[in-house]
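Here is the structure we will look at, set down as structure tokens.
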Amino acid sequence: MTIAAAILRDRLLPLALGLGTLVAAIAAVEGLIRAGFINGYIVPLPTQVAASFGKVITEENILDRFVSTFTEAFIAGVMIMVTGVALGLLLYRVALLRRATETWVAALAAAPTVLAYPLFLVIFGRNAWTIIMMGFVAGLPPVILKTIEGLAGTRRVLIDVGRSLKLSSTQLFVKILLPASLPTIFVGIRLGLIFTLINVVGVEFLINFGGLGQLINDLFERYELPETYAAICFVILVSVLFFVITERIERWLRPGD
Amino acid sequence: MVATGRLTHPVMPANAGIHVLRAAIIAAVLVIWEGLAVSGWLYRDVVPRLDVIAVALWDLLSTREFYGHLGVTAREIGIGLIIGGVSGLVAGLLLGANRLLARAYEAYLYYLGPTPKIIFFPVMIMWFGVGAGSKIAMAALSCFFPIALSTAAGMRGIDKVLIRVGRSFRLNAWQMTTKIYLPAMRAPIVNGVRLGLGVALIGALLAETRLSKEGVGFLVNQAYSVFDMPRMYAVLIVLFVLAIGINTLIAKLGGLGRS
């Protein structure tokens with residue numbers, strides 16, 4: 001098989017099938033609404049949704065809202081990185097503490113912490129800190145767990161080389177442990193950032209405060225359906241973009257995988 | 001002398017040390033909590049005294065009303081998990097079995113999976129109403145993605161020898177699915193269901209906190225709206241214990257052990 005045929009089979013045909021199905025589904029919804037099979041007051045025409053993107057961008061200050069959501073997610077992201085890596089390092093260094101608490105951290109990762117948002121509302125008030133802290137709590141466990149995993153997985157020979165060069169514990173961490181465990185730690189950071197973003201947008205929607213999440217809530221409460229759908233599409237695009245960028249960084253850090 | 005000393009003072013087993021440390025951490029947290037509660041440093045009732053929370057927990061668990069709400073939430077999550085789980089399983093089997101379908105559609109699932117599902121709640125309200133339907137839909141939508149992706153990955157990981165054995169016995173598609181694929185994919189499917197249950201729970205409960213007149217999510221929101229903090233803590237404690245317990249139980253039933 002030629003390279004061109006292989007590219008056609010492996011790349012172009014699946015891409016065309018995927019995009020074609022998406023376009024066909026959108027066209028089918030448009031047709032069914034126009035034919036009266038789907039209630040237009042419940043599902044807006046896809047063409048109306050497409051047309052309302054301009055209005056959402058210009059009239060709803062989407063850039064400001066994007067910056068607001070990004071800032072909240074960024075602050076929470078920095079917090080999970082600093083706290084998560086520090087706690088992971090502490091648990092790696094103190095074996096007894098690690099054995100006593102690692103299952104608790106894993107349980108926290110499985111717990112639906114976002115449901116505690118009314119509690120955070122009481123503690124922090126209806127402001128950005130509630131959103132940031134919810135993002136922080138949700139994103140912290142994977143960073144801690146993957147930091148421990150990365151540090152514990154550092155090859156013994158590398159640590160022995162560091163010790164043979166009489167590196168101090170700080171030098172050993174900075175020169176040996178951190179570079180060797182960075183790819184695994186970043187997997188945790190990426191997972192943590194995804195959980196953080198999900199929670200930031202989710203809590204914005206739930207408490208009707210902040211950026212993109214609040215925009216969807218606002219538009220829905222005004223019953224502007226095409227704009228609501230357009231805003232949802234915009235949030236999906238932002239999420240996918242964020243996901244793709246972090247995935248690329250992870251691949252760059254783990255070229256061998 | 002030193003050796004005798006070691007013998008007469010046996011070294012504490014490692015597990016005992018862990019239990020002691022855990023007990024110490026829990027005791028420290030409770031003492032700090034109680035200290036904060038009586039100090040008056042925080043707003044009154046934000047950090048209630050432990051005995052007040054314990055009473056609220058007892059009151060919650062001893063009322064029939066709570067179990068009614070728990071039943072509503074369990075039903076919504078259960079139906080959602082069945083709908084989303086079966087659709088996810090079928091989608092995962094199709095994607096895992098066919099390379100073209102996987103290349104065409106799996107990227108959409110992969111990238112849509114981590115989006116915040118709560119933003120679809122307005123759409124679900126419009127489609128399924130403000131009652132249980134929209135919560136079931138939220139649970140189904142939330143759990144579909146992890147189950148589909150986990151099943152697809154699991155199917156691709158099946159030992160090719162097993163598939164060849166099935167084909168050599170001339171098994172039809174149904175027999176291949178029930179005798180080869182599903183048993184060989186137990187671990188990834190259980191893992192997918194675990195993840196799916198977690199997000200289905202969040203999806204349904206968040207929807208209940210946003211707009212509902214029944215369910216555990218409604219109880220959380222109700223406690224918040226009347227500023228009954230001990231009750232809110234009690235509901236959250238029950239919810240977290242149930243979520244973590246069910247997660248652990250599914251992992252054990254699926255033979256995944258501690259994970």
Part of L206(B) within contact of chain A (heavy atom distance under 4.5 Å): both
Interchain contact, L212(A) with chain B, by part (heavy-atom threshold 4.5 Å): neither
R93(A) atom CZ: more than 12 heavy-atom contacts under 6.0 Å: no
Options L13(A), V114(A), L15(A), ranked by heavy-atom pairs under 4.5 Å with chain B, top entry: V114(A)
Contact leader toward chain A among E208(B), R22(B), M232(B), where contacts are heavy-atom pairs under 4.5 Å: R22(B)
R103(B) side chain to P14(A) backbone, donor-acceptor under 3.5 Å: no
F240(B) vs T113(A), side chain to side chain contact (heavy atoms under 4.5 Å, CB included): CA-CA, chis, key distance, verdict: CA-CA 8 Å; F240(B) 280 27; T113(A) 45; 4.2 Å; yes
Sorted by number, residues from residues 120-130 of chain B in contact with chain A (heavy atoms, under 4.5 Å): F120(B), F121(B), P122(B), V123(B), I125(B), M126(B), W127(B)
Close side-chain approach of L239(B) to L115(A), heavy-atom, < 4.5 Å: yes
Contact origin within E204(A) toward chain B - heavy atom pairs under 4.5 Å: neither
Contact origin within Y229(A) toward chain B - heavy atom pairs under 4.5 Å: side chain
Contacting moiety of I244(B), where chain A heavy atoms sit under 4.5 Å: side chain
Considering all heavy atoms, the nearest V220(B)-P118(A) contact: CG1-CG, 3.6 Å
Member of V201(A), I216(A), I198(A), L206(A) meeting the side-chain contact (heavy atoms from CB on, under 4.5 Å) criterion with I118(B): L206(A)
Chi angles and distances behind the side chain to side chain contact (heavy atoms under 4.5 Å, CB included) call for Y108(B), L19(A): CA-CA 10 Å; Y108(B) 292 99; L19(A) 285 175; 3.4 Å; yes
Derivation of the side chain to side chain contact (heavy atoms under 4.5 Å, CB included) call for M229(B) and L119(A): CA-CA 8 Å; M229(B) 293 303 289; L119(A) 179 65; 3.3 Å; yes
Aromatic centroids of F243(A) and Y110(B) separated by under 6.0 Å: yes
CZ (F74(A)) with more than 12 external heavy atoms under 6.0 Å: no
Contact class of F205(A) relative to chain B, heavy atoms under 4.5 angstrom: both
Residues, nucleotides or ligands: over 12 heavy atoms within 6.0 Å of F242(A) CZ: yes
No-hydrogen, no-angle side-chain donor-acceptor test under 3.5 Å, R210(B) and N217(A): yes
Winner by heavy-atom pair count (cut-off under 4.5 Å) against chain B, out of A107(A), A116(A), G18(A): G18(A)
R248(A) CZ: over 12 foreign heavy atoms closer than 6.0 Å: no
Per-residue contact mode, I25(B) against chain A (heavy atom under 4.5 angstrom): side chain
Side-chain heavy-atom pair S239(A), P114(B) within 4.5 angstrom cut-off: no
Which atoms of L219(A) approach chain B - backbone, side chain, both or neither, heavy atom under 4.5 Å: neither
Option that, when pairs with chain B are counted at under 4.5 Å, heavy atom only, ranks first among I236(A), V200(A), I194(A): I236(A)
Proximal to chain B - members of residues 39-47 of chain A, heavy-atom separation under 4.5 Å: Y41(A), I42(A), V43(A)
R99(B) atom CZ, neighbour heavy-atom count above 12 within 6.0 Å: no
